[in-house]
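Each chain gets a letter, A, B and so on, in the order the sequences are listed, and its residues count up from 1.
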Amino acid sequence: VEVEGLTEQVNVEEFSDAAATFLDDDGYPLSYPTVVKPAEGGFIVEKPPYISPKKKLTVTLNHITPLPTGGYTDRRYVMMRGEAEVRGRHHILQAS
Amino acid sequence: MDIYQTAETIMENALVSYLSVVTPSGDVLTSPMLPLYSRERKRLYMTSSILFSKKIDYIRKNPRVGVLFSGSQYIKAPFYAAVHVKGDAKVYEEDLHNGWMWLVDFWRRKEPYIDAFLKQRVALPLFWERAVIEITPREILLWENGDVQREPWRWRA
């Protein structure tokens with residue numbers, strides 16, 4: 001799923017968790033928990049200060065509602081891939 | 001703090017995790033998956049229906065995967081930490097019909113209603129044709145309380 005157009009289609013508030021992932025120098029994917037906010041033409045994706053940013057970024061918004069009796073319901077997620085530009089403490093994720 | 005043991009508690013008690021795989025073009029695909037951790041084997045397991053087999057194809061070509069456990073609301077442990085596992089994955093698909101059944105005990109602990117679905121296997125035959133993904137941890141990053149503003153604790157095999 002490309003990012004372009006999704007800022008209008010994806011309501012980030014419908015998801016209770018988010019992860020950003022990139023391909024690390026050792027060839028393994030590296031993910032970290034993040035906060036995603038819509039921005040014009042893309043998304044603002046918070047990043048830890050010590051993470052070396054990569055241009056290709058995958059952002060996954062996820063939601064489940066845990067059940068008191070165990071398990072969960074309301075499963076939904078969306079994965080977005082795009083190019084990330086670092087601005088201060090954030091990535092700006094835009095369409096590839 | 002014993003980083004590995006702390007991560008084991010998180011892996012055992014998480015309802016969901018993010019599995020990331022690498023495509024031949026170097027892109028990363030991420031899918032939320034139910035994590036099943038075996039302390040005895042020191043391995044993380046997931047099952048995947050052959051209906052959603054793209055990730056399986058990618059793992060066969062490149063076994064380097066990442067798995068993130070985050071979201072305190074998804075992890076029923078006495079403490080919270082966000083955990084990322086870099087690992088080498090192996091796919092078992094010789095017996096798609098029953099090769100994953102040994103994981104049902106782990107599955108039931110997280111989704112107690114799974115038995116009701118299992119009774120309907122004949123109604124959803126392709127969904128229950130499942131490959132097993134086995135992940136051997138190589139490196140673990142652990143953020144206490146999920147605080148990513150601080151550098152993570154690290155464990156390496």
Side-chain angles (χ1 to χ4, degrees), chain A residues 1-3 15-36 45-52 54-84 88-91 93 96, chain B residues 14-23 25-34 58 62-76 80-89 107-114 116-117 137-139 141 143 145-152 156:
Chain A
V1 179
E2 299 297 350
V3 171
F15 301 89
S16 48
D17 198 55
T21 309
F22 63 87
L23 191 58
D24 207 357
D25 293 335
D26 57 10
Y28 290 88
L30 175 60
S31 302
Y32 51 90
T34 189
V35 175
V36 179
V45 182
E46 288 188 6
K47 78 170 192 65
Y50 47 84
I51 292 283
S52 302
K54 303 289 180 186
K55 198 158 190 173
K56 281 185 177 179
L57 194 69
T58 299
V59 174
T60 309
L61 305 174
N62 188 35
H63 181 83
I64 57 170
T65 302
L67 296 168
T69 51
Y72 58 84
T73 185
D74 296 335
R75 183 187 184 212
R76 56 180 175 268
Y77 77 97
V78 60
M79 180 188 68
M80 305 179 286
R81 284 184 290 140
E83 294 199 348
R89 295 169 59 188
H90 305 105
H91 292 294
L93 184 70
S96 301
Chain B
L15 279 173
V16 69
S17 62
Y18 297 87
L19 171 67
S20 294
V21 303
V22 185
T23 73
S25 60
D27 289 320
V28 173
L29 296 187
T30 302
S31 314
M33 300 282 284
L34 181 75
Y58 293 146
N62 183 347
R64 293 180 176 183
V65 302
V67 185
L68 177 69
F69 301 80
S70 74
S72 57
Q73 68 276 31
Y74 303 162
I75 299 168
K76 295 184 174 180
Y80 174 56
V83 170
H84 180 73
V85 176
K86 289 180 176 179
D88 296 323
W107 197 336
R108 187 181 293 115
R109 281 176 221 155
K110 296 195 174 179
E111 295 189 274
Y113 40 74
I114 193 65
F117 288 101
R138 298 299 178 205
E139 183 176 0
L141 286 69
W143 292 272
N145 301 312
D147 180 6
V148 295
Q149 294 306 309
R150 299 174 65 179
E151 290 233 20
R156 287 191 176 91

Enquirer: Would you please name every residue forming a side-chain contact (heavy atoms from CB on, under 4.5 Å) with A/D26, sequence neighbours left out?
Expert: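 side-chain contact (heavy atoms from CB on, under 4.5 Å) list for A/D26, sorted by chain: A/D24, A/Y28, B/K86, B/E139.
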Enquirer: I'd like to verify something: which residue of A/V59, A/I64, A/T65 has the highest number of heavy-atom pairs under 4.5 Å with chain B?
Expert: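 Most heavy-atom pairs within the cutoff with chain B belong to A/I64.
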Enquirer: Can you tell me which portion of B/L141 sits under 4.5 Å from chain A's heavy atoms? Options are side chain, backbone, both or neither.
Expert: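 Just its side chain gets close to chain A.
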Enquirer: Identify the two heavy atoms, one from A/G70 and one from B/Y113, that lie closest to each other, and give their separation to 0.1 Å.
Expert: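 Nearest pair, atom of A/G70 first, then B/Y113: O-CE2, 3.6 Å.
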Enquirer: Rounded to the nearest 0.5 Å, what's the gap from CD on B/Q149 to CD on A/E46? Could you check?
Expert: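 These two atoms lie 7.0 Å from each other.
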Enquirer: Any idea which heavy atoms bring A/P66 and B/K76 closest together, and the distance?
Expert: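 Shortest heavy-atom separation between A/P66 and B/K76 comes out as CB-CE, 4.5 Å.
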Enquirer: Non-hydrogen atoms of chain B under 4.5 Å away: do they reach the side chain of A/L67, the backbone, both or neither?
Expert: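 Both the backbone and the side chain of A/L67 come within 4.5 Å of chain B.
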Enquirer: How far apart are the closest heavy atoms of A/Y50 and B/E151, and which atoms are they?
Expert: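 The answer is CB-OE2, 3.5 Å.
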Enquirer: State, to 0.1 Å, how close B/Y18 and A/A18 come at their nearest heavy-atom pair, and which atoms those are.
Expert: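 B/Y18 and A/A18 have their closest heavy atoms at OH-N, 3.6 Å.
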Enquirer: Does a side-chain heavy-atom distance below 4.5 Å link A/K56 with B/V28?
Expert: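 A side-chain contact under 4.5 Å is absent here.
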Enquirer: Hey, could you give me the CG/OG1 distance between B/L68 and A/T21, rounded to the nearest 0.5 Å?
Expert: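 With rounding to 0.5 Å, CG (B/L68) is 7.0 Å from OG1 (A/T21).
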Enquirer: Counting only heavy atoms closer than 4.5 Å, note whether A/Y77 contacts chain B via side chain, backbone, both or neither.
Expert: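 Contact with chain B involves the side chain of A/Y77 alone.
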Enquirer: Between B/T30 and A/M79, what is the shortest heavy-atom contact and its length?
Expert: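 Scanning both residues completely, I find the closest heavy atoms to be N-SD, 3.0 Å.
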Enquirer: Please state whether the side chain, the backbone, both or neither of B/R138 comes within less than 4.5 Å of a heavy atom of chain A.
Expert: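 For B/R138, the contact with chain A is made by the side chain alone.
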Enquirer: What part of A/T34 is in contact with chain B, defined as an atom under 4.5 angstrom from a non-hydrogen atom: side chain, backbone, both or neither?
Expert: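 Contact with chain B involves no heavy atom of A/T34 at all.
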Enquirer: Return the CD to OH distance between B/E111 and A/Y72, rounded to the nearest 0.5 Å.
Expert: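 OH of A/Y72 is found 4.5 Å from CD of B/E111.
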Enquirer: I need the residue from B/S20, B/P152, B/A82, B/G146 with the largest number of non-hydrogen atom pairs under 4.5 Å to chain A.
Expert: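 Maximum pair count with chain A is reached by B/S20.
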Enquirer: Picking from A/P49, A/P29, A/P33, A/S16, which has the most non-hydrogen pairs under 4.5 angstrom with chain B?
Expert: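 Most heavy-atom pairs within the cutoff with chain B belong to A/P29.
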Enquirer: Looking at every non-hydrogen atom in both residues, tell me the closest pair between B/P112 and A/G71 and how far apart they are.
Expert: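 Nearest pair, atom of B/P112 first, then A/G71: CD-N, 3.8 Å.
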Enquirer: Atom CG in B/L34, atom CZ in A/R75: separation rounded to 0.5 Å?
Expert: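 Going from the CG atom of B/L34 to the CZ atom of A/R75 covers 9.0 Å.
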Enquirer: Any chance CZ of A/R76 has more than 12 other-residue heavy atoms, nucleotides or ligands included, within less than 6.0 Å?
Expert: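 Counting other residues, nucleotides and ligands, CZ of A/R76 exceeds 12 neighbours.
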Enquirer: B/D27, B/V22, B/V16: which one forms the most heavy-atom pairs within less than 4.5 Å of chain A?
Expert: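 Heavy-atom pairs under 4.5 Å are most numerous for B/D27.
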